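Okay, structure first, notes after.
All values derive from a computational prediction rather than experimental measurement. Quick note: residue numbers are just sequence positions, from 1.
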Amino acid sequence: MKEKLKKWLGIDKKSLYVQNYFYAVNMRASIYMSAIVIVLEIWMILHLTKTILELPPGIAKPFAYYFHKYYLNYLVLMGSAGCMLTCSLRFLKGRKDNSTIGTVVKWIFSFICIYFGLTISYNDYAKGEQILTFLTMELFVVCLLTWRPVISFLILSSSYLIFYFRIDALPPPNGTEIGTTTATQINMFTMYLSTLMFSFANYNRTLQQAMKDENLEKLNTHLGNLNEHLSRISVEDELTGIHNMLYFRNEAEKLLGYVTTDKSNIIFLFFDIENFKSYNEKYGFHEGNELLIKIAHMMENTFQGSLVSRYSDDHFVVLTSFEGCEDKIETLSHEIKCCQGEVHLDLKCGAYRPDESETDPSLACDRARFACNSIKKHYDCCYQIYDKLLENRFQLKQYIVNHIDTAIENGYIKVFYQPVVSTQSREICGLEALARWKDPNYGLLPPGAFIGILEEYRLIHKLDQCMIELVCKDYQYAQEHHLPFVPVSMNFSRLDFEVCDMSDFVSRMAENYHVPHNFLDIEITESALTEQQELLQNAVKNFRNTGYKVWLDDFGSGYSSLNVLKDYQFDVLKIDMKFLSGFTDNEKTKPILTNIVNLSRQLGMVSLTEGVETEEQFVFLRSIGCHRAQGYLFSKPIPLEELRNKIEAGELQIASEYLSAH
Ligand code: C2E
Ligand code: CA
Ligand code: CA
């Protein structure tokens, strides 16, 4: 209630915005008001002077009389209007004067206006004239300017009362009655009420507008903050606070596009912190993040004035000038080593120098990254520039990723078969299907050229599925043409099981091409089995439950060979060829191989040694009871046709159990 009353009277506390708004409205209104007053007063002075000059000499009074009675009033009013005008103009021009000065001037000016109106109209009334000057001045002050209602009320009430009592004390013009007439009283009261109402309405309108503007302003500030926030997060890396790749690509693209950019002096750098994963494992995720933030800022400090962004995980990219960049990389590498703790962190950097025609920063980053990846695990090397050799490798990589689908569709993927022989009979008891890419541009590509890339891009399942189908087709062809066929083992990647349901796919193919399950074997490399254990354990179980044999490939090549044997059940243990590499010189080879073969027997697995190149190796393997052997001694991987020719020529024999077609 109290608040409402305060509000109604206009004595409630106003926000700074509203106070300033009122001040601005008044300053603007004062311009017109003071300008009109000045013009009016000049006119009055001129008019009065003319009248005085035209008076016949005897009648004219001394100048002092006129000065006191008229000129002084005019000059005072004109002076105050001049001050008011100066204040308003200064405000409009944006001068930050103290608002109390403006307010005081406004008060003085208003007071003088009303005083002037009062005196002039009092004189006029005494002469029987109308009281228009008083009314005009009242209107000027309370309606052009905006006052709080209580102030308008005080100004109007006091001035009207003073005026009323003054004219009421005058002898009336007709000389009969004393004081004002009833008509004058009513007229004055209505005038008073209407100016009061008008001033209230004016105040309320201005207040409404001020509040509306204030809300808009608040909303704008809010939106502005939001926009600022949005634009900041769109260019900032969330974790490290340095720029993200969106920003990097945009800025780099601009830089590459400028004609003024000296491209011969710029270089793209791609950084990888090798072993960062181990750091995370040892110290935890939080510490890992802290270190990344630290490294990000070290990068920014080292490459001041360059474009520095986080690429992903523990990878960063920098666009900087070529001159002196190697020294900076070295400094950075040294700084990072200082915060590595007990984990050995190694900074690797790949660099790419764009040529004149280069416009795509993403491709430039890819190239620098490619150069960086080429020195992974090269402990003596931390910096590699993208050169012609890498260029060729990079292009082949792009080609492989972009053309795997067409290669499959166009039949460029071929199956080469390498025989597996029984050590007892030397006869073929199996074939390993090995992929080859017979490309019209690149010629015959070995798997080493594309398997890793397809794995990196998670496309390997496409190739493996294609291989499965091709093998099944070869089986079907042999069936239809009454040709002998032996079980085929196929290589699977760990990623095959992550991307699709491989056992389901193999079964569908076997069904489509009527291949008995015991004619398809699954090879999984040992290194694949250390991650995603549950997924792979289930996959192995599934295959075995549906009648496929699962082989452990490359046994002994990884770090946890024995654990793999403990956690999984395999049908065939394929001993890695590196055990045979030191066969003649290393005396430990034989006992190791003997023990692996024994172990495999004890665990109920068939043993197979790959990479057999000499008769001596073969004889030894047979002597220790290794069941099967595979290697160049018998045959390299070759197309099926060629293999059949060899068999026909008597160079190779098929185990009798497979001789008649199934
Ligand atoms: P892997 O499964 O260990 O295959 C054996 C590799 O050793 C083959 O190389 C083969 O040609 C080679 N090799 C066989 N006998 C000898 C020998 O006596 N001496 C020497 N020095 N090497 C021998 P290849 O065909 O180049 O295959 C390389 C690797 O590519 C394979 O190793 C396998 O891991 C992978 N791979 C091949 N085909 C496929 C496929 O269709 N899918 C998947 N996922 N991987 C495949
Ligand atoms: Ca294999
Ligand atoms: Ca192998």
Side-chain angles (χ1 to χ4, degrees), residues 270 272 274-275 277 311-315 346 348 350 352 363 365-379 381 384 386-408 412-416 418 432-439 441-468 470 489-500 502 522-532 535-536 551-559 574 576-578 610-611 637:
F270 185 97
D272 174 24
E274 213 164 65
N275 250 352
K277 208 169 148 209
Y311 185 88
S312 65
D313 311 312
D314 53 344
H315 305 140
D346 209 2
K348 298 278 177 198
Y352 172 67
L363 196 63
C365 288
D366 277 355
R367 287 182 171 135
R369 183 188 185 184
F370 191 75
C372 183
N373 286 346
S374 75
I375 49 166
K376 248 186 182 164
K377 307 273 182 244
H378 290 204
Y379 295 107
C381 174
Q384 173 67 51
Y386 183 86
D387 54 17
K388 199 74 208 144
L389 199 80
L390 283 178
E391 162 90 15
N392 293 340
R393 272 166 55 190
F394 183 72
Q395 274 174 358
L396 178 65
K397 178 178 173 172
Q398 304 279 92
Y399 184 82
I400 283 165
V401 174
N402 295 332
H403 290 82
I404 176 68
D405 290 324
T406 36
I408 291 171
Y412 299 157
I413 304 297
K414 305 279 179 205
V415 188
F416 274 35
Q418 187 180 30
E432 179 176 9
L434 292 156
R436 299 289 182 269
W437 181 324
K438 213 171 186 174
D439 191 79
N441 301 315
Y442 284 95
L444 189 69
L445 294 170
F450 54 88
I451 300 281
I453 296 168
L454 293 177
E455 283 189 324
E456 190 187 329
Y457 284 80
R458 297 178 83 87
L459 297 168
I460 187 71
H461 65 285
K462 294 191 177 189
L463 175 94
D464 287 342
Q465 291 184 342
C466 166
M467 288 290 288
I468 295 164
L470 291 176
S489 61
M490 294 169 298
N491 293 284
F492 281 63
S493 161
R494 176 174 60 85
L495 295 167
D496 288 337
F497 302 100
E498 286 178 22
V499 177
C500 58
M502 261 312 188
I522 317 298
E523 286 193 25
I524 303 176
T525 55
E526 181 201 283
S527 58
L529 298 163
T530 46
E531 283 177 47
Q532 303 260 13
L535 181 87
L536 284 153
W551 300 15
L552 177 59
D553 199 1
D554 300 339
F555 177 76
S557 64
Y559 299 109
K574 204 167 178 183
D576 196 68
M577 64 181 79
K578 92 170 172 230
E610 59 181 344

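- In this structure, K397 and Y457 have side chains that are in contact, with non-hydrogen atoms separated by less than 4.5 Å.
- Annotation for C365 and F270: closest pair O-CD1, 4.1 Å, computed over non-hydrogen atoms.
- Among all heavy-atom pairs drawn from K348 and E274, the shortest one is CE-OE1, 3.3 Å.
- To the nearest 0.5 angstrom, L552 atom CG is 9.5 Å from E523 atom CD.
- The closest side-chain donor-acceptor pair between S374 and Q384, if any, does not fall under 3.5 angstrom.
- Within the model, atoms CG of D346 and NZ of K377 stand 9.5 Å from one another, a figure rounded to the nearest 0.5 Å.
- Partner L459 forms a side-chain contact (heavy atoms from CB on, under 4.5 Å) with one of D405, I453, V401 and no other, that one being V401.
- Counting heavy atoms from C-beta outward, H403 and Y412 have side chains that stay 4.5 Å or more apart.
- With rounding to the nearest 0.5 angstrom, the OG atom of S527 is 9.0 Å from the CG atom of D553.
- When the side chain to side chain donor-acceptor pair (under 3.5 Å) test is applied to D554, no partner is found at least two apart in sequence or on another chain.
- Taking the salt bridge (Lys or Arg N to Asp or Glu O under 4.0 Å) definition, one finds that E432 meets it with K574, sequence neighbours left out.
- Counting only N and O atoms by type, the side chains of S312 and H315 include a donor and acceptor under 3.5 Å apart.
- Considering CG of L463 and CD1 of I468, their distance stands at 9.5 Å, rounded to 0.5 Å.
- Using a 4.5 Å cut-off on side-chain heavy atoms (C-beta onward), I451 and N491 make no contact.
- Heavy atoms only, all atoms of each residue included: E455 and S493 are closest at OE2-OG, 2.7 Å.
- Within the 4.5 Å cutoff, the side chain of F492 has no heavy atoms near those of the L536 side chain.
- For R393, there are no salt bridge (Lys or Arg N to Asp or Glu O under 4.0 Å) partners two or more places apart in sequence or in a different chain.
- Expressed to the nearest 0.5 Å, how far SG of C372 lies from CG of D366 amounts to 12.5 Å.
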task: List the steps and the verdict of side chain to side chain contact (heavy atoms under 4.5 Å, CB included) for F394 and L390.
output: CA-CA 6 Å; F394 183 72; L390 283 178; 5.7 Å; no
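- Taking each heavy atom of R436 and P446 in turn, the nearest pair found is CD-CA, 4.4 Å.
- The shortest distance between side-chain heavy atoms of M467 and M490 does not fall below 4.5 Å.
- With sequence neighbours excluded, the residues satisfying salt bridge (Lys or Arg N to Asp or Glu O under 4.0 Å) with E498 are R458, R494.
- Contact check for E526 versus D576: no side-chain heavy atoms found under the 4.5 Å cut-off.
- Side-chain contact between I408 and I413: present, with at least one pair of heavy atoms (C-beta onward) separated by less than 4.5 Å.
- In this structure, CD1 on I522 lies 10.5 Å from CH2 on W551, to the nearest 0.5 angstrom.
- Evaluation of the side chain to side chain donor-acceptor pair (under 3.5 Å) rule for N441 yields Y399 as partners, not counting sequence neighbours.
- Using cut-offs of 30° and 60° on the angle between ring planes, the pair Y386 and Y352 is perpendicular.
- Here the closest non-hydrogen pair linking W437 and D439 is NE1-OD1, 2.9 Å.
- With sequence neighbours excluded, no residue forms a side chain to side chain donor-acceptor pair (under 3.5 Å) with N373.
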task: Tell me, with the steps shown, if F416 and L444 meet side chain to side chain contact (heavy atoms under 4.5 Å, CB included).
output: CA-CA 12 Å; F416 274 35; L444 189 69; 4.2 Å; yes
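- Two residues are said to be in side-chain contact when any heavy atoms from C-beta on lie closer than 4.5 Å; K376 and D272 meet this criterion.
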